[in-house]
Asks: 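Have a look at this one.
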Amino acid sequence: MVFVKVQKSKAYFSRFQVKFRRRREGRTDYRQRKRLVVNDKNKFGSTKYRLVVRFTNKFVICQIVYALVDGDRVLCQAHSSELPRYGLNSGLKNYAAAYCTGLLCARRLLKQLGLDETYEGNTEVDGQIITTEYEKKKYYVDEVDEDKRPFRCLLDVGCKPTTTGCRIFGALKGAADGGLDIPHNEKRFPGYDRESKEYDADTHRERIFGGHVGEYMEYLEEEDNAKYQEHFAGYIASDVAADGLEDLYESVHTKIREDPSPSEKKEYTPDKKYKRKSKLTWDERKARVQAKKDAKKAELEADE
């Protein structure tokens, strides 16, 4: 019989410390969070901002968040469910919608801080990365104002794998084109070839304007029209064809820049028609049971 040494003894378990709850749930990468939140000692008291991008089953959420001792605070946010206000009713989770949501978040924040006219961002969407040098520092905006520096934030991807062409980077590109100073490069954008180390900006631009969606629409319409009718029912209802997607997204970008402010909150009025029944007393429950018994007895006697 082989002797197996016990590796985890009583001393091990008596000193065992459980990990943080959100680590146990697989919801927070604390190694990543520490590097995004903790500031240098010579910058004590200054705030580090994060562009938090998250995807639900149907929507994209972009938030500008900063951390305090007692928890995080959201400075500004944009949700892809707001995009129907700007004319985009379908496909609220794809790469192009992520770009629009990032753009909306950036323009809303800069308007909130009074920087929207100083930093307009990249109005011509071409997929290129814009950088500038100012006082030996690199900024990811077109020009740096002497009085007001650009708003810098760092991308927070959460637990999402950062693969090349991921939709997270669509939101990043939208926020960068919106005028935010976010450190990034082209290595994870669509159109980058890792072997040749070359970046094709036209491929990225096509993805921003939904070119991949248009190609699939044309393919399905020819190959399987029934699936096309089902899969793109929202686009068909909005009378959006494959060749009209670029014009649609261009108009959405223009409308977002014209008015990025959030919509007014609607007052919630609960439906008072429904009223919960009050609980029966003990005597009422007892009488109810007795009535059922009497009815059953009468039914049995009638059968006899």
Side-chain angles (χ1 to χ4, degrees), residues 51-65 74-112 116 120-125 160 166-180 190 204-218 220-221 227-271:
L51 171 66
V52 179
V53 182
R54 298 291 183 268
F55 287 85
T56 68
N57 287 340
K58 293 168 64 179
F59 302 111
V60 188
I61 305 170
C62 293
Q63 297 177 330
I64 305 296
V65 181
V74 178
L75 183 63
C76 178
Q77 81 146 4
H79 201 285
S80 64
S81 63
E82 301 176 63
L83 295 180
R85 284 177 54 204
Y86 303 100
L88 185 63
N89 297 309
S90 302
L92 302 179
K93 191 187 168 185
N94 56 28
Y95 194 94
Y99 179 92
C100 294
T101 311
L103 178 65
L104 176 60
C105 184
R107 298 311 300 166
R108 182 172 291 172
L109 173 70
L110 294 179
K111 186 175 182 180
Q112 182 178 323
D116 55 333
E120 293 184 358
N122 185 16
T123 53
E124 295 181 5
V125 182
K160 192 92 170 172
C166 184
R167 290 170 298 174
I168 288 173
F169 302 110
L172 163 68
K173 182 59 177 166
D177 285 354
L180 296 185
H204 192 190
R205 184 189 182 281
E206 184 184 3
R207 187 67 62 92
I208 290 170
F209 286 104
H212 58 300
V213 179
E215 288 178 10
Y216 189 55
M217 287 176 74
E218 291 174 351
L220 268 190
E221 191 173 10
K227 188 176 180 181
Y228 168 76
Q229 297 287 337
E230 180 183 357
H231 199 71
F232 292 101
Y235 290 86
I236 296 168
S238 302
D239 197 21
V240 177
D243 55 355
L245 284 175
E246 184 171 342
D247 295 335
L248 171 65
Y249 285 114
E250 279 183 356
S251 66
V252 171
H253 298 167
T254 305
K255 290 175 183 176
I256 286 174
R257 289 182 175 276
E258 288 174 357
D259 182 22
S261 57
S263 60
E264 295 181 2
K265 291 185 178 179
K266 297 179 181 178
E267 292 185 4
Y268 175 71
T269 53
D271 186 10

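Only a predicted model underlies this, so the values are computations on that prediction, with no experimental measurement involved.
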Asks: Look at the side chain of E120 and the backbone N and O of R257, then say whether any donor-acceptor pair between them is shorter than 3.5 Å.
Replies: no

Asks: Indicate yes or no for a side-chain donor-acceptor contact from R108 to the backbone of C76 under 3.5 Å, with no hydrogens or angles considered.
Replies: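 No, because the side chain of R108 does not come within donor-acceptor range (under 3.5 Å) of the backbone of C76.
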
Asks: If we ignore hydrogens and angles and just use 3.5 Å, is the side chain of S80 paired with the main-chain N or O of T101 as donor and acceptor?
Replies: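 Looks like no, no N/O pair under 3.5 Å.
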
Asks: Would you confirm whether the ring centroid of Y99 sits within less than 6.0 angstrom of the ring centroid of H204?
Replies: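 No, the ring centres sit 6.0 Å or more apart.
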
Asks: Any side-chain heavy atom of I208 within less than 4.5 Å of one from H253?
Replies: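 Result yes, sub-4.5 Å side-chain heavy-atom pair found.
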
Asks: Take D247 and E250, measure what side-chain contact (heavy atoms from CB on, under 4.5 Å) needs, and give me the verdict at the end.
Replies: CA-CA 5 Å; D247 295 335; E250 279 183 356; 4.1 Å; yes

Asks: Given side chains that start at C-beta, do those of E206 and E215 come closer than 4.5 Å, heavy atoms only?
Replies: yes

Asks: Could you pull out all donor-acceptor pairs under 3.5 Å where a side-chain atom in residues 233-246 meets a protein atom, sequence neighbours excluded?
Replies:
residue : atom : partner : partner atom : Å
S238    : OG   : G234    : O            : 3.1
E246    : OE2  : R205    : NH1          : 3.4
E246    : OE2  : R205    : NH2          : 3.2

Asks: Is a side-chain N or O of N122 found less than 3.5 angstrom from the main chain of V125, in a donor-acceptor match?
Replies: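 Such a contact is absent between N122 side chain and V125 backbone.
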
Asks: How close do P84 and S81 get, heavy atom to heavy atom, and via which atoms?
Replies: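 Reported closest heavy-atom pair: CD-O, 3.2 Å.
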
Asks: Identify each donor-acceptor pair in which a side-chain atom of residues 258-270 lies under 3.5 Å from a protein atom, sequence neighbours left out, and give them as a table.
Replies:
residue : atom : partner : partner atom : Å
D259    : OD1  : S261    : N            : 3.4
D259    : OD1  : S261    : OG           : 2.5

Asks: Would you compute the distance between atom CG of L248 and atom OH of Y86 and round it to the nearest 0.5 angstrom?
Replies: 14.5 Å

Asks: Using the test ring-ring contact (aromatic ring centres under 6.0 Å, His included), find all partners of Y249 that sit at least two apart in sequence or belong to another chain.
Replies: none

Asks: Does the side chain of V65 reach to within under 4.5 Å of the side chain of L75, using non-hydrogen atoms?
Replies: no

Asks: Taking atom CD of Q229 as the centre, report whether more than 12 heavy atoms of other residues, nucleotides or ligands fall under 6.0 Å from it.
Replies: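 Above 12, so yes.
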
Asks: So does N57 have more than 12 non-hydrogen atoms from other groups sitting under 6.0 Å from CG?
Replies: no

Asks: I need the K255 NZ to L104 CG distance, nearest 0.5 Å.
Replies: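 So the gap between those two atoms works out to 13.5 Å.
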
Asks: Is any side-chain heavy atom of R107 closer than 4.5 Å to one of D116?
Replies: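 In contact.
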
Asks: Do you know the tightest heavy-atom contact between V53 and C62?
Replies: CG2-SG, 4.3 Å

Asks: Would you call K160 and R167 a side-chain contact if the rule is heavy atoms closer than 4.5 Å?
Replies: yes

Asks: I need the E82 CD to C100 SG distance, nearest 0.5 Å.
Replies: 12.5 Å

Asks: What distance do L110 atom CG and I64 atom CD1 have between them, rounded to the nearest 0.5 Å?
Replies: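 With rounding to 0.5 Å, CG (L110) is 9.0 Å from CD1 (I64).
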
Asks: Just verifying a value: how many Å separate L172 CG and C166 SG, rounded to the nearest 0.5 Å?
Replies: 11.0 Å

Asks: Could you point out which residue of R54, Q77, H79 forms a side-chain hydrogen bond (donor to acceptor under 3.5 Å, both in side chains) with Q63?
Replies: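 Output: one option passes, namely Q77.
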
Asks: Please report the interatomic distance CD1(I256) to CG(L103), rounded to the nearest 0.5 Å.
Replies: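 Interatomic distance, I256 CD1 to L103 CG, rounded to 0.5 Å: 5.0 Å.
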
